[in-house]
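Since the structure comes first, as structure tokens, the remarks are kept for the end.
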Amino acid sequence: MNENRIVSQITNVIEGITEGNHHAVKSILDDLKKEDIPSDDLKKLYEAVAVLARKQEEAGEFILSLSHGELDLDPPHHNHFIAPFKELHSNLRHLVWQVGQFAAGDYNQKVEFSGVFTESFQRLAQSLKDKETIQKALHESEALYRVTLDASPDGIILSDIHGHITMASPSAIQLLGGENEQDLLGEKFLRFIIPDDWDRLKADIEKLIQGSKIQANEYRGKRLDGSLFHTEITGDLIKDEFDNTRGIFFDWRDISDRNRAELKLQESEQRYRLLVETANEGVLVAQGNSLRFVNPMMLEITGYTEDELHSKPFLDFIHPDDRELVQSNYVKRLSYDPVEPRYQFRIFTRDKEIKWVEVSGAAIDWDGSLATFNFMTDITERKKTEQELERKNAELLNLNAEKDKLFSILAHDLRSPFSSFMKYTEIMAEDLYEMCIQEIQDMAVEMKESAISLNSLLENLLEWSRMESGLISFAPSSFLLKPKIVESMALVIEAANKKEIQIQYDIPDDLLVDADENMLKLIVRNLGYNAVKFTFRNGTITLKAKPVNSHSVEISVKDSGIGIGSEGIGNLFSLNKRTSRTGTEGELSTGLGLILCKEFVEKNGGKIWVESEVGKGSTFQFTIPRSMGQRKIR
């Protein structure tokens, strides 16, 4: 027989006893057989209620006998219902009337009997009255409890002390895969937990019995259809008024969705961490003025440890010239203002090396506060390549400009000598027999002058082309300076003698230099020709040399010529500016010789400069290394 039906019938018996409805009580007890009751607790309750019904029936028969005047009957033993009526001798009829009222449920009748009967009767009336109030409150409480259970999203399960389910809420029925409560009643709750988790749950229940509450522990459940789920269970004991344990209250919460979400989150975090830790870019989180997170590549790029990067403001790692840019972009990102998605700046490594990096980032929430999440790429090698390309492009542009300038020089400066040659050769071819010896000699002298000019130009042009092509080898050696300078001036002296220009030397005989001999001769020869060209007839040119210090010698070529203006001085050593002028007697000049002088001086580790004033001559000075005898003297 269904336990719920048995409980309902026993409840009706109690209500029949309370209302004095003996026929209803007898009918229910006749229908309800003890052997049909499956539960031991319900059997004990049935027996107690049956005894109470029999005692009430005995009491009713005794009271009825008293009402018939059968006062000689002995009252039944151990029946508390008739104990207060032993002294019903003189007031029997009044008592019968009151009993009728009492049986009708009126517990407020005034009893005016003497002795303990009055007190007992009133106590019984009050007890039954309180019981009726309690039963009414219990019914209301059960109704409210049922509404609460029905509305609870958690599965509520009640079991007896043996673990059999006695009640299940709708959420519990759905969670465990039942269609209605009958599918679960009588089942052991352990059936719905996989065996691997039984020991843990039994241990929690043991703690509960010993006085501790079950904490929210996670278990793996199994529904009626065998499907698995994850649940979180809490519980408490159900006790009666005498503090005896009558059952267990379980709260089952389905956490399958939560576990799946947590698993996905863990998988996502693992993938994220794997990507961050193995990324070829540095990953960093900046918050406030500090770095809150860095990945291993950041340590490789900077050379710092993680603790070192966390210990100082991040601006300390940035080149001072770039800190304002980085700070400005950082503030803009935090304010969601427009900012370049990627930008470049320099950082300091732990070894004080300067590296170029490129950074992109976005504003994020980090531990409840605004921060920036950034990717950093080391572009030092790329930057070096870019700078090298820029340098090469600049050199190429310069070479193109110099080429254009050179062609301009050739077009201009070669035209005049060749024009003279063509003119004189044409005259000699057509009028040679009509010309006298002096005229032929004069034309030969002019042609010689043109040839000398062309030879000087072509020689410089050849040296310049060899220099630009990298074909000139640099072979420094130690030698006495004065003999080499005098030797270099041998060709210049012929031009100087023609203009009656005096050449003087102020050079120590024992002064040693350490330079490329061929380059030094070209430098001196070009500066000498240049001085003769722009010095008036009967002028003076002085070549002077002196030690500057233990490592350097200064050589100067001073003339008493026309001088150079301040604007012209700045353009003397550049092909990009036209600096050629005609000499004091119309000599041609290309400016290419001075450019060669500058290149060869710098190749030898020196520098060249000029001091000049218009009308007062010029002094070209340059330095070369001084020899301390380390090389073999030539």
Side-chain angles (χ1 to χ4, degrees), residues 264-401 470 602:
K264 288 183 179 179
L265 179 60
Q266 290 174 359
E267 292 174 350
S268 176
E269 288 178 347
Q270 289 173 355
R271 287 194 297 268
Y272 161 76
R273 182 160 295 279
L274 181 63
L275 288 172
V276 168
E277 291 183 351
T278 60
N280 289 325
E281 293 182 299
V283 178
L284 62 99
V285 174
Q287 188 178 65
N289 63 349
S290 302
L291 297 178
R292 298 292 305 279
F293 172 83
V294 292
N295 74 333
M297 182 54 67
M298 277 294 297
L299 310 185
E300 184 175 333
I301 291 174
T302 64
Y304 288 99
T305 65
E306 187 173 353
D307 289 339
E308 288 172 335
L309 289 174
H310 290 325
S311 64
K312 295 194 297 184
F314 64 80
L315 287 178
D316 288 359
F317 303 105
I318 297 170
H319 193 284
D321 293 345
D322 297 334
R323 288 175 184 171
E324 183 177 351
L325 169 67
V326 174
Q327 178 69 17
S328 174
N329 286 343
Y330 175 63
V331 172
K332 288 179 180 178
R333 287 200 196 284
L334 293 179
S335 304
Y336 296 97
D337 290 338
V339 62
E340 288 294 329
R342 302 184 72 89
Y343 67 100
Q344 301 171 0
F345 56 88
R346 290 159 290 178
I347 64 169
F348 291 117
T349 68
R350 197 175 192 275
D351 297 330
K352 307 304 180 185
E353 179 187 359
I354 296 177
K355 284 188 175 182
W356 276 95
V357 296
E358 186 173 71
V359 167
S360 62
I364 62 167
D365 181 273
W366 186 271
D367 290 340
S369 299
L370 201 58
T372 62
F373 184 86
N374 307 273
F375 289 95
M376 177 182 288
T377 305
D378 183 355
I379 61 168
T380 304
E381 293 303 318
R382 188 179 86 189
K383 202 71 176 178
K384 289 180 179 178
T385 301
E386 290 176 354
Q387 291 173 345
E388 182 65 16
L389 285 175
E390 290 176 0
R391 188 182 68 81
K392 293 293 185 182
N393 286 337
E395 289 181 357
L396 183 59
L397 291 174
N398 186 55
L399 287 174
N400 285 333
E602 292 176 352

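Just so we're clear, the structure is a prediction, and the values are computed from it rather than from any experiment.
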- Query: So Y343 and V326, side chain to side chain contact (heavy atoms under 4.5 Å, CB included) or not? Walk me through it.
  - Reply: CA-CA 9 Å; Y343 67 100; V326 174; 4.0 Å; yes

Exercise answer: donor-acceptor pairs, residues 370-383 side-chain atoms, under 3.5 Å, sequence neighbours excluded:
from: T372; atom 1: OG1; to: N374; atom 2: ND2; distance (Å): 3.0
from: N374; atom 1: ND2; to: T372; atom 2: O; distance (Å): 3.1
from: T377; atom 1: OG1; to: E281; atom 2: OE2; distance (Å): 2.6
from: D378; atom 1: OD1; to: T380; atom 2: N; distance (Å): 3.0
from: D378; atom 1: OD1; to: T380; atom 2: OG1; distance (Å): 2.7
from: T380; atom 1: OG1; to: W356; atom 2: N; distance (Å): 3.1
from: T380; atom 1: OG1; to: W356; atom 2: O; distance (Å): 3.4
from: R382; atom 1: NH2; to: E358; atom 2: OE2; distance (Å): 3.3
from: K383; atom 1: NZ; to: Q344; atom 2: OE1; distance (Å): 2.8

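Taking NE2 from H310 and OG1 from T305, the interatomic distance works out to 9.0 Å, rounded to the nearest 0.5 Å. Rounded to the nearest 0.5 angstrom, S369 OG and I364 CD1 are separated by 11.0 Å. Taking CG of L309 as the start and CG of L299 as the end, the distance is 6.0 Å to the nearest 0.5 Å. Here the straight-line distance linking atom NZ of K384 with atom CD of Q387 works out to 9.0 Å at 0.5 Å rounding. In this structure, NZ in K392 is found 12.0 Å from OG1 in T385, a value given to the nearest 0.5 Å.
Under a 3.5 Å cut-off, the side chain of K355 and the backbone N or O of I301 do form a donor-acceptor pair. No donor-acceptor pair under 3.5 Å is formed between the side chain of D322 and the backbone N or O of L325.
Residues R323 and L315 come closest through the heavy atom pair NE-O, 3.0 Å. Residues Y330 and G288 share a closest heavy-atom pair of OH-O, 2.9 Å. Nearest heavy atoms, A362 versus R333: N-CD, 4.2 Å.
H319 and F345 have their aromatic ring centers separated by at least 6.0 angstrom.
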